[in-house]
Structures are given as structure tokens and as C-alpha cells.
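Working notes for the structure below.
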Amino acid sequence: MKEKCRPPYFRPLWRCMGRHLLLLGWTLLLATGNDGAEITCPEECSCRTTYDREEGSILRVSCSRGDMHSIPIDFFDKNARIINIAAPFDRPNFLTIGPIFTQPIPFANLRELHIVNSNIPSIGQYSFWGLQNLRLVNLTYNNLTSINADNFRGLINLTELHLDHNSIEQMPSETFRHLTALKTLILSNNQIEALVPRLFRMLAKLSYLDLSDNPLTELNPEVFKDIQHLRVLKCRRCLLRRVNTQIYHLVPHLEELDLGENQFKYLTPDEFISLKKLKKLKLDGNQLSVVVDNMFGRNRELRVLTLARNRLALLAPAALTNLTTLVHLDISHNKIDRFHLQTFAPVVDSLKTINFSGNNLPLNEIAIVLQILPDIHGVGLANLSLPEIPPNFFVYNEHLVALDISWNKLTKFPYKLLTKTKFLQRLDISHNKLQTLSEQDLQRLEAIAQINLSKNSWHCDQCSAGTMLVYMTTTVLNGTIRHLRCYSPMRLRGASFSDMTFDRLDPCPSTYEAQMSVIAGLMLLCIAVLAAVAGALCCTRRRAAHYYTNEEKRREHEHEHPEELLGRTELGSVATIHAPYQLVSKGS
Ligand SMILES: *[C@@H]1O[C@H](CO)[C@@H](O)[C@H](O)[C@H]1NC(C)=O
Ligand SMILES: *[C@@H]1O[C@H](CO)[C@@H](O)[C@H](O)[C@H]1NC(C)=O
Ligand SMILES: *[C@@H]1O[C@H](CO)[C@@H](O)[C@H](O)[C@H]1NC(C)=O
Ligand SMILES: *[C@@H]1O[C@H](CO)[C@@H](O)[C@H](O)[C@H]1NC(C)=O
Ligand SMILES: *[C@@H]1O[C@H](CO)[C@@H](O)[C@H](O)[C@H]1NC(C)=O
Ligand SMILES: *[C@@H]1O[C@H](CO)[C@@H](O)[C@H](O)[C@H]1NC(C)=O
Ligand SMILES: *[C@@H]1O[C@H](CO)[C@@H](O)[C@H](O)[C@H]1NC(C)=O
Ligand SMILES: *[C@@H]1O[C@H](CO)[C@@H](O)[C@H](O)[C@H]1NC(C)=O
């Protein structure tokens, strides 16, 4: 939050008008760092001067109480560098702007003008006339429905224009023709249905264009002829089904392309062939069902690829060809149930994070991929219905720093697994079924900087929660544990650990009861095991036969064995828990 300056005071109009005579003296006062004692500041605003080594003193005027019905322009100090008129969401302003900045003494220093959440219905001609040094105009959250070239006359040095969260429908050709220095144009969250030809004429320097959240359905290639130096293009939630690839020919310097949450069902094999400089590509939230071979073969500089929340069942064996600098890959929330191991060969040396969350992947498919990614730092394994994770799962990933295993079915804290990930700093294990943490679990957690344990089935009796309470009051885990809530017993469900004391907890079940329940439990277990063995015997036979046929076909097709690729003869205990599967694949 911005700190408020000394209580703003109201200066009579006559002092303001006479003020220009004193301008020199006042500027000196400001420059000598007398913290704005002689600044005019409207009553409803706050004004403060900061000092910047390069820029000198910077006077910020901020009016953000809301419910303003006019801009007290006469009381703004003409030295203002930044004017920020905003309002809380429940107390919007109702403002209009005409040529209010055209004053006998100009706002010669004004660099940034923000008028936000103020229900401005239109801009009007020449509104910013005379603000030659303005660099940034921020008119987000207003009620603009149309804009045209005259609105922006005189803004010869403007580099950033933010018009998002309005209701703009109309933008004629050459709307921005006076903004020849513009680099950033944000038009997201409007009602723009089409981009008319020559819309961006004279915007030769534009490098960042955000069109997200507009009902565009298609992008007119014509308009991109005028903005060939574009570096970043965003059109998330634009209702796009496809993009005319002509556009990509016109913007070959593009480094970031965000087409997330549109309606792409497929991409042509040469879709991105012109984008040789592309570093970040977001295609999440579409309806893609396959990524074909060599899809990104020409995007050799790609570092971030997001394919989350599509309908991918498969990444083709050569889907990642040439992506030798890929660092982040997100394939979460698709329908992937298996991998071709060679898919990942190109990224083996570069990949740092991979997100497998929310697919139909069995753990052994993931284990096989993780084995060839020894440098991986972040892994997403959320929403995979995992009841447990074998202790050796990350045995080849000793650099693991971030792990998301939230939204699974873990009933026990994976202590052994985590003793082997020495460098782990971020762990999300929320939304599981953990009931308690033992002393050793808590000691392991103490060494992890960022932890999320919420939404588990914490059992609040003295045996289960007692130690956790001790750690809450005495260790760095204070903040983490304090926010947890009891799940059982019923009497304490929803109670926060921060309100808990040892005395409020139920006592431990007595030793006799405990012994009896253990004995009863063991007997049940024996019966269950017997039944399970009997059942499993016939089942495994059938399943093994089934796996055999499928797996053999698949591995034959791929002509590879993970073991061979790794130069290892066994996959370690990770693989051995899936005995039927692995035996068959080794034998094929
Ligand atoms: C626009 O103004 C609002 C309110 O002051 C602010 O929260 C937002 O960050 C501003 N946007 C830019 C790009 O400065
Ligand atoms: C501005 O737009 C909002 C939402 O579209 C609407 O509720 C409000 O009445 C409009 N305000 C004016 C002054 O037109
Ligand atoms: C603003 O633009 C004019 C004309 O291009 C230029 O002469 C002037 O130096 C610019 N001002 C700043 C502060 O860059
Ligand atoms: C991979 O990159 C090389 C060198 O740029 C290029 O010759 C080759 O065609 C690319 N592969 C694909 C499949 O595009
Ligand atoms: C997947 O995990 C990465 C880090 O591991 C994270 O940045 C990303 O947000 C996750 N994606 C989703 C859709 O949860
Ligand atoms: C897991 O799935 C739930 C329900 O679909 C979703 O709300 C949640 O964001 C997902 N979490 C992660 C980390 O993927
Ligand atoms: C932990 O997860 C819960 C539930 O998903 C979320 O509300 C909370 O913000 C998370 N806390 C941290 C510190 O990530
Ligand atoms: C734990 O956190 C609470 C609230 O943040 C704080 O009041 C308390 O002093 C902290 N206790 C310890 C031991 O750090």
C-alpha cells in the first residue's frame, strides 16, 4: 500500500492561480527534498514526493477514495509526475474527461495518467492534448464503448495504453495513428468482434498486444501487416477455432504467443513453422486431441510449452523434436494414459519442470519418464488418485525442488520418499487423506520452506495431533500448522489448529482398547488377505495375459526398452511394485 502523506490540505483557488509566479521557488523546495510541504493537493486525494536517483523527485497524486463525480483538476499540482484516479470496486467514480489537461500552465512533467473504475463513457476529442511527455495512459475498468484516432491526438511519446475491462466494440481503421511511439497496447476484456483493416496503422513499434477476452472468433491477417515487430501476442478466451497462419509469417519476431482457452480442435503440422523466435507458447484449455510429430520442429528456442486442459490422449513419439531448450512442459489435465519414451529424448538436458497432474497415468508410466530427466526441479503429480507413492520414486531426480502431490488419496505422509529428495523447498500435499504427522515427519517438514498441508483428514486426538500442536507453538511450522483444521472426531470437525490446546483434544484410545482393536484388526486382515490372494490368483493370470498382448505390441512398435535407453538392467523398486506389468515388458 502506498503510504499516505501528511493530511492533505485544501488550498484556496487564488493561491493556486497565483502559484505559477512561485513555480521556480517551489520546484526548488521539492528538489531539496522538503517532502512536498508546498504541494497543492486536492482534499480528497493524497500527494507524495519520492526521490529517484535518475528521475529526480517524483510527485504522485492519488485519489482513490471513490464516489468522485468530477476531477479536481485545478487543484492538482502542475508538477505531478503520476496522477492516479481510482476507486474501490463498490464505490466507483462517475467521471467524464474532456480536454481538461489543456491548461495555461501545462502538466509538463506528467508521465503516467491512470483513471480507473470511473465509469468514463467516452474519451472525447483532444482529451490528452498538451501532455507531450505522457508515457502511460491507464483507463481500465471504465465504460468506453468506442474509441477513435482523435481521442489520442498529441500523445506523441506514449508507449503504453491500457484500455482493458471496458466495453469497446468499435475501433475504426487507424484508431491509433497518433501513437507512433506506442509499444504496449492492452485491449483485453472488451466486446471487440472484429479487427478492421489497417486498425494498427502507424504502430510500427508495437511489441506487446493483448486482445484476450474479446469475442473475436477470428483474427484478420491484414492487420498484422502494420505491426511486424510484435514480440508478444495474447488472445486468451477469444473464441478462436483456428488462426490463419499467414499471421505468423507477418510477425516472425514473436517470442510469446498465448492462445489459451480457445476452441482449437487441431493444429496443422506446420502451424508454427514461421515462429522461429518463439520462447513461450500457451495452448492450454483448448480441445486438442493430439500433438503430431515434428509439431514444434522449427521453434527451436521454445522454453515454455503449456498444453494443459486439452483432450490429449497422446504425445506423438516425435512431438517434441528439436525442443532442446524446453524448460517447462505442462501436459496436466489431459487424457494421457501412456507415453512413448522417445518423445522426451530431445528435452532430456533442458527440462526443469513437468506437470503430469490430472491425467489417466499410472505411476509406472511416469516413473519411466522421470528416470530420463535427472535434472528435473519441479514435478506436478496432483489429481492422479494416488493412494501412495513408492519410496524410491524420485531416486533419479535428486535435484527436485518443487513437488505437487495435492488432490490425491495419500493416507500416510510419504516420509521415506521425502528423505530422498534432499533439496525439496516447495511441497503441496493439500487435499489428501492424511490424519496425522509424526515427529519425524514434522522434522522433515521443518526443512522445507513452503508447504501446503491443508484439506487433509486431520485427526484431533492427543496421540495424533499432540505432537503437531507442540511443533505449532515452538517451530517454524507455526504458520503452516496453525491454518489446518480438524476433520475428526466429529465434535471438533472444522476447528482450527490455531484455536486448539492439548486439553481440548480427546485423550488417546486406552492401551487395552488399542490392543484389542489391533488384534481385531489383524484377524480381519488375515481374512482379507486370504480372500485377496485367492481372488488375485485367478485375476492376475487373466490380466497378465491382457497386458502381455498390449504391451508387446506397443514396445515392438517403439523398438525400445526404457532399460536399454538408460543403459540399466533394472528399474529399481519403483518398477517392481507393478510386477505383472514390468515382467511382461522386460520379457517382450
Ligand atoms: C491501472 O490503475 C490501477 C488502479 O490504480 C492499477 O491497479 C493498475 O495496476 C494500473 N495498471 C497499470 C498497467 O499501471
Ligand atoms: C457502466 O457499465 C456498467 C457495467 O456494464 C453498468 O453497470 C453501469 O451502469 C455503466 N455506467 C454508466 C454510467 O453507464
Ligand atoms: C517527446 O517526443 C518529442 C518528439 O518526438 C521529442 O522531441 C521529445 O524528446 C520527447 N520527449 C521525451 C521526454 O522523450
Ligand atoms: C530441426 O532443426 C534443424 C535445424 O534447424 C532443421 O534442419 C530440421 O528441419 C528441424 N526438424 C524439424 C522436424 O523441423
Ligand atoms: C503444473 O505444474 C507447474 C509446476 O510444476 C505449475 O507451474 C503449473 O501451474 C501447473 N499447472 C497446472 C494446470 O496446475
Ligand atoms: C484437481 O482437480 C480438482 C477438481 O477437478 C480441481 O479443482 C483442482 O484445481 C485440481 N488441482 C490440481 C493441482 O490440479
Ligand atoms: C494451500 O491450499 C489451500 C487449498 O487448496 C489454499 O486455499 C491455500 O491458499 C494454499 N496455501 C498455500 C500457502 O499455498
Ligand atoms: C506463530 O504465529 C502467530 C500468528 O502468526 C504468532 O502470533 C505467534 O507468535 C507465532 N508463534 C511462534 C512460536 O512463532
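Please read these numbers as outputs of a predicted model, since none were measured by experiment. Whatever order the structure lists ligands and atoms in, that order sets their numbers, starting from 1.
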Within the 4.0 Å heavy-atom cut-off around ligand 6, the contacting residues, ordered by chain and number, are His333, Ala382, Asn383, Asp404, Ser406, Trp407
[X] vs [Y] aromatic rings, parallel, tilted or perpendicular, using cut-offs 30° and 60°?
X	Y	result
Phe107	Phe76	perpendicular
Phe89	Tyr141	perpendicular
Phe344	Phe339	perpendicular

Distance filter under 4.0 Å to [X] heavy atoms, resulting ligand 1 atoms:
X	result
His162	13 (C)
His114	1 (C), 2 (O), 10 (C), 14 (O)
Asn138	1 (C), 2 (O), 3 (C), 8 (C), 10 (C), 11 (N), 12 (C), 14 (O)

Flag for [Y]-[X]: side-chain donor and acceptor within less than 3.5 Å:
X	Y	answer
Thr140	His162	no
Asp164	Ser188	no
His114	Glu112	yes

Can a salt bridge be assigned to the pair Arg236 and Glu261 using a cut-off of 4.0 Å between side-chain N and carboxylate O?
yes
Mark up the atoms of ligand 4 that fall under 4.0 Å of a heavy atom belonging to [X], in ascending order.
X	value
Arg300	1 (C), 2 (O), 3 (C), 4 (C), 5 (O)
Asn322	1 (C), 2 (O), 3 (C), 8 (C), 10 (C), 11 (N), 12 (C)
Gly297	1 (C), 10 (C), 12 (C), 14 (O)
Asn294	13 (C)

Decide if atom NZ of Lys412 counts as having more than 12 heavy atoms of other residues, nucleotides or ligands within a radius under 6.0 Å.
-> no
For residues 304-313, the salt bridge (Lys or Arg N to Asp or Glu O under 4.0 Å) pairs (sequence neighbours left out) are Asp284-Arg309
Within the 4.0 Å heavy-atom cut-off, what Asn84 brings close to ligand 1 is side chain
Do Arg493 and Tyr487 meet the cation-pi criteria used here (NZ or CZ under 6.0 Å from the six-membered ring centre, within 45° of the axis)? yes
